[in-house]
Amino acid sequence: MRPIQMVDTKSQYLKIKTEVDAAIQDVLESAIYIGGRPVQDFATNLSSYLGVKHVIPCANGTDALQIAMMALDLQPGDEVITPSFTYIATTEVVALLKLKPVFVEVDPRTFCMDPESVRKAITPKTKAIVPVHLYGQAAPMEKIMQIANEFNLYVIEDNAQAIGADYIFSDGTKKKTGTMGTIGATSFYPSKNLGAFGDGGALFTNDDALAQKLKMTANHGQQKRYLHDLVGCNSRLDSLQAAILNIKLQHLDSYNMARQKVAEYYNNAFADNVKIVTPYVASYSSHVYHQYTLVLNGVDRDGLNSYLSDHKVPSMIYYPVPGHRQKMFASLGLPQQDLSITDWLTERVISLPVHTEMEEDQLAFITNHVLNYINQ
Ligand SMILES: *Cc1c(COP(=O)(O)O)cnc(C)c1O
C-alpha cells in the first residue's frame, strides 16, 4: 500500500505531467510571467465552466474576499455576517478592513450558515452576508438570497472549498456555487479542489460595473495605466499558475467525482455506526468533498486522532478554534455570543484523507483503523 496522505498533489500531477510541463514550458518561452494569454484564457474558460459572466483572477482566496469587500465600498463599522465555523481567512479580512464581523451559527448537519441565525443577526448596520460553502457543500443560498433581498444586503460567497459544486433551486434549476451572490470568491491553493502549483484566487460576478471595479481594485485602482482612480491593491494570478489551472480545469469534474467516490466508500464503511455521523448532503446541493468530515458521538477524538497517527493514517481537525474564540478578534470588543452549535461541532469534528488519487487498499486501511478504535 502506498503511504496515505491528507492530499496527494504529486500523484495527481504525474498523471497530467505531459500537458502541464508543456504548458509551463510555453510560459517560460513566452517570457510573459504576469498577465498574457494564459490568464485571459483561464478567466474565459472558468467563466464558461461556471456559467458566470465575469471571472477576475487574483493572487489568492484571502485577497479575493478582501477585494470583494473593498469593491462594494463597505465602510469601517459596517457589519458583515459570517459563520464562526470556517477558515480564518473569511473573517480575518472583515476585521482587516475595519468592518465588524458578526458571527452566526451553522446547521450542525451541513456545517454551513444557518439562515435563521442570519436573520436574527441583522441590524441597521448590516451590509453584507458571507456564506461559506464549507467542506465542498453549498450553503442554503436560496434562503440566504431571500434574506439578502429583503434587507438589501450584499452576498459574498466564499467558494474556496466548493468549486464545481451545484446548488439546486426548489424549481429544479441548478447554478454553480459562487455564482449566485453579488460576488463569489475562490482560492486555487494547491490542496483546493482546483489547485494551482502555488497561490491563486479569483472573483466571480454577473454585474458588469462591479466586475470593472473588482478588476481595478485588484490592480492598484487603475483602468488606464498610471491613472489610479481608487485605492486598490496588487493582487495577480501569475501566468504559470494560470497555464496550469487551465489544464486542471478540464479535469475538475473528474477530480470532484473521484472525491465523491472516496466519500461513498467511507459512507458505506461507517453506515449504521451510532458513534459516527457521516456527512449529510442537503437536497439543495451536490457535494464535492473538499473535506470528508465526520462528527463523532461519544468518541475520544484526540484518542482517535493519535491512534490513527500511530498507524500512519493522517487526520485533521478543521477547525479546532472557531472564529469567535480567536484572539485576533479580542481587541474588537465584540459582544459575547452564544454559538453553542459551533462550539459543539468544534469539539467533535474530524476530517479523514480525501483526494483524487486515493486507492481502495488505502481506504480499507483507514476505515478499518477508525472502526478498530471506535469499536474497541
Ligand atoms: C482556503 C480558504 C480561503 C483562503 O484561500 P487562500 O488562497 O489560502 O488565501 C478562504 N476561505 C476558505 C473557506 C478557505 O478554505
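Starting from 1, each residue takes its place in the sequence as its number. When a ligand or atom number is given, it counts from 1 through the structure's own listing order. Bear in mind the structure is a predicted one, so any value in this text is a computation, not a measurement.
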Quick one: does [X] get an N or O within less than 3.5 Å of an N or O on ligand 1?
X: Tyr87; result: no
X: Gly61; result: yes
X: Asp158; result: yes
X: Ser187; result: yes

- Message: Looking only at the side chains, is there a donor atom on one of His54 and Asp208 sitting less than 3.5 Å from an acceptor on the other?
- Response: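 Distance-only check passes for His54 and Asp208.
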- Item | Donor + acceptor pair across side chains of His355, Asp8 (<3.5 Å) |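 On atom types as modelled, these side chains do not qualify, holding no pair under 3.5 Å.
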- Compute the centroid of each ring, for Tyr318 and then for Tyr87, and state whether the two points are separated by less than 6.0 Å.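 Centroid distance Tyr318-Tyr87: not below 6.0 Å, so no.
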- Query: Is the ring centre of Tyr167 less than 6.0 Å from the ring centre of Tyr284?
  - Reply: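 Ring centres of Tyr284 and Tyr167 closer than 6.0 Å.
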- Query: How far is atom 15 (O) of ligand 1 from its nearest protein heavy atom, and which residue and atom name does that atom have?
  - Reply: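 Here the nearest protein heavy atom works out to Gln161 NE2, 2.8 Å.
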- Message: Applying ring pair (Phe, Tyr, Trp, His ring centres under 6.0 Å), can you list everything that pairs with Phe188, at least two apart in sequence or on another chain?
- Response: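 Counting only residues at least two positions away or on another chain, Phe188 forms a ring pair (Phe, Tyr, Trp, His ring centres under 6.0 Å) with Phe42.
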- Message: Check for me whether Arg109 meets the cation-pi criterion with Tyr280, that is, NZ or CZ under 6.0 Å from the six-membered ring centre and within 45 degrees of the ring axis.
- Response: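 Judged by the rule, Arg109 and Tyr280 form a cation-pi pair.
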- Query: With atoms numbered from 1 as shown, which atoms in ligand 1 lie under 4.0 angstrom from a non-hydrogen atom of Ala160?
  - Reply: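 Answer, ordered by atom number: 2 (C), 3 (C), 10 (C), 11 (N), 12 (C), 14 (C), 15 (O).
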- Task: Output the list of atoms in ligand 1 that are nearer than 4.0 Å to some heavy atom of Asn60, sorted by atom number.
- Result: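 Those atoms are 7 (O), 9 (O).
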- Item | Lys192 touching ligand 1 at heavy-atom level, < 4.0 angstrom |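 True for this residue.
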- Message: Before you tell me yes or no, could you show the steps for Leu97 and Leu74 under side-chain contact (heavy atoms from CB on, under 4.5 Å), namely the whole-Å CA-CA distance, both residues' side-chain angles and the distance that decides it to 0.1 Å?
- Response: CA-CA 8 Å; Leu97 295 173; Leu74 302 188; over 6 Å; no
- Task: Run down the list Thr62, Leu134, Thr90, Thr186 and name the one with the heavy atom closest to atom 4 (C) of ligand 1.
- Result: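 When every heavy atom of Thr62, Leu134, Thr90, Thr186 is considered, Thr62 comes closest to atom 4 (C) of ligand 1.
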